[in-house]
Number of protein chains: 2
Amino acid sequence: MPKDTALLPTHVAAFANRRRDPGTKREAVLKTAAELFLEKSYGRTSMNDVAQRLSITKPALYHYFRNKEEILIECYRLGTGLIEEILNEIAEHCGTGLEKVEAFIYSYANVMTVNFGRCVMRLDDADLSPDALGEVRKYKRKIDRRLRSFIQEGIDDRTIAPCDPKIAAFSIAGALNWICHWYEPEGALSAEEIATQFARTLTRGLAAPRTSARPRVAGK
Amino acid sequence: MPKDTALLPTHVAAFANRRRDPGTKREAVLKTAAELFLEKSYGRTSMNDVAQRLSITKPALYHYFRNKEEILIECYRLGTGLIEEILNEIAEHCGTGLEKVEAFIYSYANVMTVNFGRCVMRLDDADLSPDALGEVRKYKRKIDRRLRSFIQEGIDDRTIAPCDPKIAAFSIAGALNWICHWYEPEGALSAEEIATQFARTLTRGLAAPRTSARPRVAGK
DNA sequence: TTGATATCTTACCCACGGGTAAATTCCAAC
DNA sequence: GTTGGAATTTACCCGTGGGTAAGATATCAA
């Protein structure tokens, strides 16, 4: 007889019956794990905690993941996947440097309100094995390079006031990454609001003086 | 016979001879603990690690601190103390709102390159007991309120362009707090450089349009 | 219906780390 | 010297958590 999965808290339903559907269950484990990692940190989250929230027992988890770290790595992978998407989208789409930066800020802020995205910047790198750590670090550098290049583009096409792209990128990335430290899904600010506001506010700080001098050779 | 403490790595010297004032030793423990907490995180730092770096044994530590958390709390206390100083200084000193914000950014960025200061924003709140956590949270809120009030002052006195102080404060705080995630004492950028650059860059993002309209009634 | 297999549980092992009890060493004052 | 007491150490306890072995049970294919 099929159990009553209707009003079961979120992904727990995936384990309601024993049906063979490893994909869905793996995903369910991943989602609850990410939740817990963000609530209590990776270190303070035990495999038992994860199992308990799914109403199963610890060893059952090891049918879907080889060990705890593999879960963590998968969280990172999904998170970086999200970022990768927006990065590529922007690189193709938009026009001026400033517009690209604005699009970046908007999309990135949004990602920082999605659990897997939050994992990438909020969880502690150092919990990863050397190999995985290496990959993540490499990826983060890539993000940084991209943002800097957008800014440089903006400086070149005169939509962004001359500045040190390195420092500017650090500032923007910091402001954005910090979102995942204070954002809470049930909080006062919605993801949309945050994204739009940040895009506006941060962009204004970069923009080259608008109205007065239109297209002119910018003296330093 | 007095031991050769001359070229001993940093604070280890404090424990070289046995009859030395407890104050110095407590301080030495605190410094090395903070170092380790920042290198490996609180959770991954064992009391043995701390002891080892000081060339003593674990139980010796318990002569100077009741338990591991007390060390952590003390780190937070010293860190918030540093921030408190600059907060008060600024509140008295400077003139316009924009100037206050700039001074805040400069000093705060500097604090984020000092170990105890870094602890406050980089270490994980959740490792604290409920009581201590409450205090720290309260203190962080205070910092946020102060920054917002500086920004509001700037908007009122027309040195800062109209904006949402809440979002602006989040951005600035994020950019600054993130420093302690990428700063490294031996890195390319010195604390001074970071502080000055950030003060300049972030301030420019806020400043009301300068030259053209001097003192005028600003329409909303 | 009936295996065969994926799924899940009970029971367990073991390393690690916080913390303590009690013995020991060193310094200082007498 | 000797001795009293503080500073340190050795040896230990025990809870927690990652991970596994082996048995129990449901599901699917035939």
Side-chain angles (χ1 to χ4, degrees), chain A residues 1-3 5 11-29 32-33 36-37 39-75 124 126-129 132, chain B residues 1-3 5 11-29 32-33 36-37 39-75 124 126-129 132:
Chain A
M1 60 206 75
K3 289 172 194 167
T5 80
H11 2 288
V12 183
F15 284 89
N17 57 10
R18 227 166 166 175
R19 196 176 94 263
R20 303 184 184 186
D21 184 0
T24 312
K25 295 190 179 179
R26 221 184 114 95
E27 200 181 328
V29 172
T32 54
L36 282 164
F37 293 167
E39 285 172 23
K40 315 203 307 174
S41 89
Y42 177 76
R44 271 183 297 272
T45 302
S46 74
M47 291 297 264
N48 256 324
D49 292 335
V50 180
Q52 206 161 23
R53 184 165 290 191
L54 289 165
S55 302
I56 55 174
T57 56
K58 178 173 59 162
L61 294 173
Y62 288 85
H63 265 260
Y64 303 95
F65 294 90
R66 292 228 308 281
N67 51 43
K68 196 184 175 191
E69 198 211 338
E70 196 175 275
I71 302 182
L72 182 63
I73 290 179
E74 198 74 14
C75 287
D124 192 349
D127 284 312
L128 294 163
S129 63
Chain B
M1 63 205 76
K3 291 170 192 169
T5 80
H11 0 289
V12 182
F15 284 87
N17 35 350
R18 216 166 178 178
R19 213 70 169 197
R20 199 147 182 161
D21 65 313
T24 312
K25 296 190 179 178
R26 221 183 115 96
E27 200 181 327
V29 172
T32 55
L36 283 163
F37 293 166
E39 284 172 24
K40 316 203 306 175
S41 87
Y42 177 76
R44 272 183 297 273
T45 302
S46 73
M47 291 297 265
N48 255 325
D49 292 334
V50 179
Q52 206 161 23
R53 186 164 289 191
L54 289 165
S55 302
I56 55 175
T57 55
K58 179 171 58 161
L61 294 174
Y62 289 86
H63 263 261
Y64 302 96
F65 295 91
R66 293 228 308 281
N67 50 43
K68 197 185 175 191
E69 198 212 338
E70 195 175 279
I71 300 182
L72 183 61
I73 291 179
E74 198 72 15
C75 286
D124 192 349
D127 283 313
L128 294 163
S129 63

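Letters A, B, ... are given to chains in the order of the sequence lines, protein chains preceding strands, and every chain is numbered from 1.
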Specify the separation, in whole Å, of atom [atom1] of [X] and atom [atom2] of [N].
{"X": "Gln52(A)", "N": "dC8(C)", "atom1": "CD", "atom2": "C1'", "value": "16 Å"}
{"X": "Asp127(A)", "N": "dG18(D)", "atom1": "CG", "atom2": "P", "value": "11 Å"}
{"X": "Arg26(B)", "N": "dA7(D)", "atom1": "CZ", "atom2": "P", "value": "13 Å"}
{"X": "His63(A)", "N": "dT27(D)", "atom1": "NE2", "atom2": "P", "value": "15 Å"}
{"X": "Leu61(A)", "N": "dT7(C)", "atom1": "CG", "atom2": "P", "value": "14 Å"}
{"X": "Phe65(A)", "N": "dG19(D)", "atom1": "CZ", "atom2": "C1'", "value": "16 Å"}
{"X": "Ile56(B)", "N": "dA7(D)", "atom1": "CD1", "atom2": "P", "value": "12 Å"}
{"X": "Lys25(B)", "N": "dA6(D)", "atom1": "NZ", "atom2": "P", "value": "14 Å"}

Original post:
Listed by chain and number, what are the side chain to side chain contact (heavy atoms under 4.5 Å, CB included) partners of Thr45(A), not counting sequence neighbours?
Top reply: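 Counting only residues at least two positions away or on another chain, Thr45(A) forms a side chain to side chain contact (heavy atoms under 4.5 Å, CB included) with Leu36(A), Phe37(A), Lys40(A), Asp49(A), Val50(A).
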
Subject >> Any donor-acceptor N/O pair, Lys68(B) side chain to Tyr42(B) backbone, under 3.5 Å >> reply: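 Looks like yes, one N/O pair under 3.5 Å.
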
**OP:** Carefully, step by step, assess Met47(A) and Ile71(A) under the rule side-chain contact (heavy atoms from CB on, under 4.5 Å).
**Re:** CA-CA 10 Å; Met47(A) 291 297 264; Ile71(A) 302 182; 4.1 Å; yes

**OP:** Report the C-alpha distance between Lys25(A) and His63(A) in whole Å, list the side-chain angles of each, state the deciding distance to 0.1 Å, and finish with yes or no for side-chain contact (heavy atoms from CB on, under 4.5 Å).
**Re:** CA-CA 10 Å; Lys25(A) 295 190 179 179; His63(A) 265 260; over 6 Å; no

Subject >> Base versus backbone protein contacts along nucleotides 10-23 of chain C [heavy-atom cut-off under 4.0 Å; B, S, -] >> reply: BB-----SBBB---

Original post:
Mind checking what makes side-chain hydrogen bond (donor to acceptor under 3.5 Å, both in side chains) contact with Gln52(B), not counting sequence neighbours?
Top reply: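 Listed in chain order: nothing, the list is empty.
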
**OP:** Search all heavy atoms of Tyr62(B) against all heavy atoms of Asn67(B) and return the closest pair with its distance.
**Re:**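 Distance-wise, the nearest heavy atoms are CE2-CA, 4.0 Å.
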
